[in-house]
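Residue numbering restarts at 1 for every chain, and letters A, B, ... go by the order of the sequence lines.
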Number of protein chains: 2
Amino acid sequence: MAAAPTGPPSPAKGRPRSAAADRAILDATRAALAELGWGGLTMGHVAERAGVAKTTLYRRWPSRNELVVDAVADLFEDLEIVDLGSLQADIEAVVQRFAALLSRPETQAALLALFAEGTRDPLLRRRIREAIVDPQKELVRCGRARAQERGELPPDADEAAAREEVDLIFDTIAGTVEHRILVSGESVGEAWIHRFTTLLLAPLSGLSAGRPAQRP
Amino acid sequence: MAAAPTGPPSPAKGRPRSAAADRAILDATRAALAELGWGGLTMGHVAERAGVAKTTLYRRWPSRNELVVDAVADLFEDLEIVDLGSLQADIEAVVQRFAALLSRPETQAALLALFAEGTRDPLLRRRIREAIVDPQKELVRCGRARAQERGELPPDADEAAAREEVDLIFDTIAGTVEHRILVSGESVGEAWIHRFTTLLLAPLSGLSAGRPAQRP
DNA sequence: CATATACGCTACGGCTCGTAGCGTAAAGAG
DNA sequence: CTCTTTACGCTACGAGCCGTAGCGTATATG
């Protein structure tokens, strides 16, 4: 789902759309976002920077929101969880990467502005979640399944409950990373990576009883 | 710090600024924000809705960001921690209120858009933090001090560490509330209020050793 | 070749921004 | 009461961006 979200890319008839233009536009969008911020991002700027006519932009994306969603989602595209041999290491790698992406100013400005718009647009919220948040959760579940195969983790007693637990915890992580970076202006360092990883591992490995947390 | 952030309000010379206009403008800003969203918020709309000339807006606030910061901060103004007799109840009340405020669509759209702009503006970040986040933390510290007076909590061994712990935990809460509402589209229910409260209480009462968390 | 689509370019109406100018309203100083 | 000072409402303005339309050209298929 890199670009051209609407309809078939080209039904093999007439001049095909330039893939280079797609890439140039997405790159230009991210660059303009990092340089000018959301408020300073204009379709004219993006078009000029990409070396493309403004009309070409509108031919592909109906609105600025759609364009930015694709531009940011493009960053999260090549995802895979490497097998580092232990659940701890695998999960930590995912969190590390997620935090790194959320630490980029361009990602921050884009996501927050999109969330702000998403307040009034449920479909936009859904697109953001599907393109960016869900894949990260899937990575964690993947690493978890692998740990179960290794015997490092007992098999799930309740599959649905386990999924929900990952959802909850991951929301905590993502939210905290954003908030930490944006409100306090501090980046997410190694200490926090460990903290988040631990937060993820505690319920997964059935250690949540060790916490005084009480969830009805 | 309700309005007119720049300079003295009126050096008792000439016609004084209308306090009613201030209130009308802030109210109109919040209303327009809730109705039209950040993208649809224009100075003209706010002025018209407030029954005020556009020039009056610019006389008080240099930019839209400043205006919205004040409009939202105004929501968090009348803060006080009521003594409910137990630390658990006091803290829970603070979290409850904070979550409720963050659950309002107008607050969400405003804060997120402000954070997005804050990505490029450290001063804006600072203003947001001082006006909105810090007071909430202060409330928690207040309730904590009261609990110590009651003997419910032992006195601090390390004052600075205790402050930092509140910072960290509260960032987690605030970030999670935002994320939960905006990404997953779910509100923060009673279960989460309890979860957050527990998260706050655990380190405060020295129970953090019970968690498997390891913070270097 | 004809056909069909994409592209770049130019131009347009509409909207918003932030400012300037002007006459009027509301306070204090003499 | 008069003078001064500041706030207010109103109008108008240049600038910038939006999103669209029209047109000629470029690049694919048959």
Give the table of side-chain donor-acceptor pairs shorter than 3.5 Å for residues 45-55 of chain B, with sequence neighbours excluded, one pair per line with atom names and distance.
{"unit_1": "B/H45", "atom_1": "ND1", "unit_2": "B/T42", "atom_2": "OG1", "d": "3.2"}
{"unit_1": "B/R49", "atom_1": "NH1", "unit_2": "B/E35", "atom_2": "OE1", "d": "3.4"}
{"unit_1": "B/R49", "atom_1": "NH2", "unit_2": "B/E35", "atom_2": "OE1", "d": "2.9"}

Which donor-acceptor pairs under 3.5 Å do side chains of residues 110-118 of chain B form with protein atoms, sequence neighbours excluded?
{"unit_1": "B/E117", "atom_1": "OE2", "unit_2": "A/G39", "atom_2": "N", "d": "3.2"}

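If you take CH2 of A/W61 and C1' of C/dA6, they are 14 Å apart, rounded to a whole angstrom. Across the protein-nucleic acid pair, B/R17 atom CZ and D/dA7 atom P stand 5 Å apart, rounded to whole Å. The distance from atom OH of B/Y58 to atom P of D/dG9 is 15 Å, rounded to the nearest whole Å.
With sequence neighbours excluded, no residue forms a side chain to side chain donor-acceptor pair (under 3.5 Å) with A/D134. Checked against side chain to side chain donor-acceptor pair (under 3.5 Å), A/R64 has no partners two or more places apart in sequence or in another chain. Residues passing the side chain to side chain contact (heavy atoms under 4.5 Å, CB included) test with B/A20 are B/S18, B/R23, sequence neighbours excluded.
Listed nucleotides: D/dG30, D/dC18, D/dG22. Nearest to the side chain of A/T55: D/dG22.
Judged by closest nucleotide on DNA chain D, B/G51 is the one of A/S63 and B/G51 placed further toward the 5' end.
No engagement by A/G39 is indicated, since no non-hydrogen atom pair under 4.0 Å with the nucleic acid exists.
Residue A/R15 places a side-chain atom within donor-acceptor reach of the base of D/dA26, judged by atom type and a 3.5 Å distance cut-off alone.
A/R59 has no side-chain polar atom (N or O) that falls below the 4.0 Å cut-off from OP1 or OP2 of C/dA6. Between A/R60 and C/dC7, a side-chain N or O to OP1/OP2 separation shorter than 4.0 Å is present.
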Under 3.5 Å between N/O atoms: give me all the protein pairs with nucleotides 12-16 of chain C, atom names plus distance.
none

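For the pair B/A131 and B/P135, the tightest heavy-atom approach, listed with the atom from each and the gap, is O-CG, 3.6 Å.
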